[in-house]
Amino acid sequence: MKNTNPELESQAQVDTVGHFINGKIVSGSEDTQVVYNPADGSVLRVVTMGTDQTVKMAVEAAEAAFPAWREIPPGKRSRVMFRFKSLLEENSERLARIISEEHGKVLDDAMGEVQRGIENVEYACGAPELLKGQYSKNAGPAIDSWVEFQPLGVVAGITPFNFPAMVPMWMFPIALACGNTFVLKPSERDPSASIVLAELLTEAGLPQGVFNVVNGGKEAVDALLNDTRVEAISFVGSTPIAEYIYQTGTANGKRVQALGGAKNHAVVMPDANTETAVNALMGAAFGSAGERCMAISVAVAVGEDTADKLILGLKKRLGTLKVGSGCSQNVDMGPLVTREHKAKVAGYVDRGVEEGASLVVDGRDIEVEGLESGFFLGACLFDHVNSKMSIYTDEIFGPVLCVVRVKTLQDAMELIDDHEYGNGTCIFTRDGEVARYFTDHIKVGMVGVNVALPVPVASHSFGGWKRSLFGDLAAYGPDGVRFYTRRKTITQRWPSSAGDGEDIRFAFPSNN
Ligand code: NAD
């Protein structure tokens, strides 16, 4: 569908990204918002901003589809997931291109995102195994007891811009495999990938209404939070919104998991191989232009000598970092997602200078030839950062790496533990005792040893500590199964025909 948005002025008409409700694209007549190509600042398309009414339609479709989907045996549901996985593999390049075009990340990175999403689909293919429950024969005399995991009903996912395919796939494959129906509200900044996912699910044989997508912003989110038919909400995004979603959703009686922001520290010990640490930090800090919730944004160097070597190594490597359009070949880092986000990140760099940190590499004036209107910010490296500075306390979510110098491992760990976020962290060392102490005591949910981005594989679960996660269960993996199911325990007695007519007993039943 073509659409003209008043913001577009002289632009020719562009396509509209609609919603996906009850098995088909719904365009609606709601307001639209522009989706930019961050590499050149042009308008790619517009996205329809769902209203209360749109959410009602989607929830209605999901509610109507639930009774039949719930009854389909897990083995058959998992066959849909197997077909979906094959279709994702066939379409991975197409998906990666769409992600790269709207988000700005480089194609290889977008392919990696799609692959990590597929791994969650593979996990969901194990639905019959994951849902088989627990059984105790002779829990008491002639009494058998079992636990089964039943679906919740209509569940919703609200997702951020930085992984437009992977984060939705942290949620819906496992939710659907468990027998729920789903309403996804993706980020309005890069909405197209989720519509492709919906179409592939339909092609894989998913009945209509089981998976729905409502595009939009706060109005759509609030409608989901207030709809009594929505049993559970999974959220991934920034901490203030995560806290709002958790508080409002739980107050409305929903089950909520809300994953928030991060400030991930990498500790570099004096015995670490500097080249290994530098190479790992380059990818972890500047990959996806730092727009990852597991990005390393603080390197904590233990000892002055370690810090000097680290700064030298990073400075040298940053000199060869290639910045350009994510869709081009041989580019290391793409643009930031929007003009506003670029201005926000650049503002933090200005503030870091004002606050007294040493800006060793300044990417603020970068220009990419032929892409002068793109939302590019070059990599920035700060030395001598301290824990009072806003570049240290706040999540910047851009290509900015802060180096903090400390004297001991203990100082490094206190720094990390005192930070409000506790998503990921890692340590570079060759000393097993140090690594073991660090992993055992650090107050962070996901920890790497010589692994800069310790994102758990699909058969584990993803979640931080402190203000990086609101709720008790993490995303995907075994926690995903628990989140999207309700435990029911059944205790059953079939007395033998000869033994019917038990005495009245007023004592509490036990095995005594
Ligand atoms: P965001 O919080 O701005 O948006 C996330 C979602 O919430 C979007 O769908 C958006 O439409 C919606 N939203 C935004 N403002 C809202 C409001 N006022 N009321 C209701 N809904 C609202 O996050 P973002 O900028 O899209 O993504 C980046 C953030 O996500 C970073 O903070 C990053 O750390 C975090 N993130 C966390 C994880 C994790 O697993 N912990 C993973 C990825 C991203």
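One-based numbering, in listed order, for ligands and for the atoms of each. Model, not experiment: these values are computed from the prediction.
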Side chain to side chain donor-acceptor pair (under 3.5 Å) contacts touching residues 387-398 (sequence neighbours left out):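 For residues 387-398, and leaving out neighbouring residues, the side chain to side chain donor-acceptor pair (under 3.5 Å) pairs sorted by first residue read His265-Tyr392, Tyr348-Asp394, Glu355-Ser390.
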Asp479 to Asp472 - nearest heavy-atom pair and separation: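 In terms of heavy atoms, the two residues are closest at OD2-O, 4.5 Å.
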Which option, [options], owns the non-hydrogen atom nearest [atom]?
| atom | options | result |
| --- | --- | --- |
| atom 12 (C) of ligand 1 | Val221, Leu184, Ile245 | Val221 |
| atom 35 (C) of ligand 1 | Pro160, Gly237, Ala242, Gly261 | Gly237 |
| atom 3 (O) of ligand 1 | Arg189, Glu188, Met49, Glu219 | Arg189 |

Where's the contact between [X] and ligand 1, heavy-atom distance under 4.0 Å: side chain, backbone, both or neither?
| X | result |
| --- | --- |
| Phe235 | side chain |
| Glu395 | side chain |
| Trp170 | side chain |

Can you tell me if Phe163 contacts ligand 1 (heavy atom of the residue under 4.0 Å from the ligand)?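 It does not; every heavy atom stays at 4.0 Å or beyond.
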Can you pull out the closest protein heavy atom to [atom]? Residue, atom name and distance to 0.1 Å, please.
| atom | answer |
| --- | --- |
| atom 28 (C) of ligand 1 | Phe397 CE2, 3.5 Å |
| atom 2 (O) of ligand 1 | Ser238 OG, 2.6 Å |
| atom 17 (C) of ligand 1 | Ile241 CD1, 3.6 Å |
| atom 36 (N) of ligand 1 | Cys293 CB, 3.6 Å |

Strictly distance-based, threshold 3.5 Å: is any side-chain N or O of [X] a donor or acceptor partner for the main-chain N or O of [Y]?
| X | Y | value |
| --- | --- | --- |
| Lys263 | His419 | no |
| Asn212 | Asn22 | yes |
| Thr51 | Gln53 | yes |
| Thr159 | Pro168 | no |

Among Phe211, Phe84, Phe20, which residue meets the side-chain contact (heavy atoms from CB on, under 4.5 Å) test with Thr202?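 With Thr202 as partner, Phe211, Phe84, Phe20 yield a single side-chain contact (heavy atoms from CB on, under 4.5 Å), made by Phe20.
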Which ligand 1 atoms are under 4.0 Å away from a heavy-atom of Phe462?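 Every atom of ligand 1 under 4.0 Å from some heavy atom of Phe462: 39 (C), 40 (O).
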So, regarding [X] and ligand 1 (criterion: nitrogen or oxygen to nitrogen or oxygen, under 3.5 Å), is there a contact or not?
| X | value |
| --- | --- |
| Asn162 | no |
| Asp222 | no |
| Gly260 | yes |
| Phe161 | yes |

Before accepting this row, confirm whether a basic side-chain N of the pair Glu354/Arg351 lies closer than 4.0 Å to the acidic partner's carboxylate O.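 No, no charged N to carboxylate O under 4.0 Å.
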For Glu231, the option from Lys254, Arg255, Arg486 that meets side chain to side chain donor-acceptor pair (under 3.5 Å):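 When Lys254, Arg255, Arg486 are each tested with Glu231, the side chain to side chain donor-acceptor pair (under 3.5 Å) holds only for Arg486.
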Which of parallel (below 30°), tilted (30 to 60°) and perpendicular (above 60°) describes Phe161 and Phe397?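 If you compare the ring of Phe161 with that of Phe397, the planes turn out perpendicular.
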Pi-cation contact, Phe163 with Arg292 (under 6.0 Å, within 45°):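 The answer is no; the distance or angle limit is not met.
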Atom 21 (N) of ligand 1: protein heavy atom closer than 4.0 Å?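 It does: a protein heavy atom is found less than 4.0 Å away from atom 21 (N) of ligand 1.
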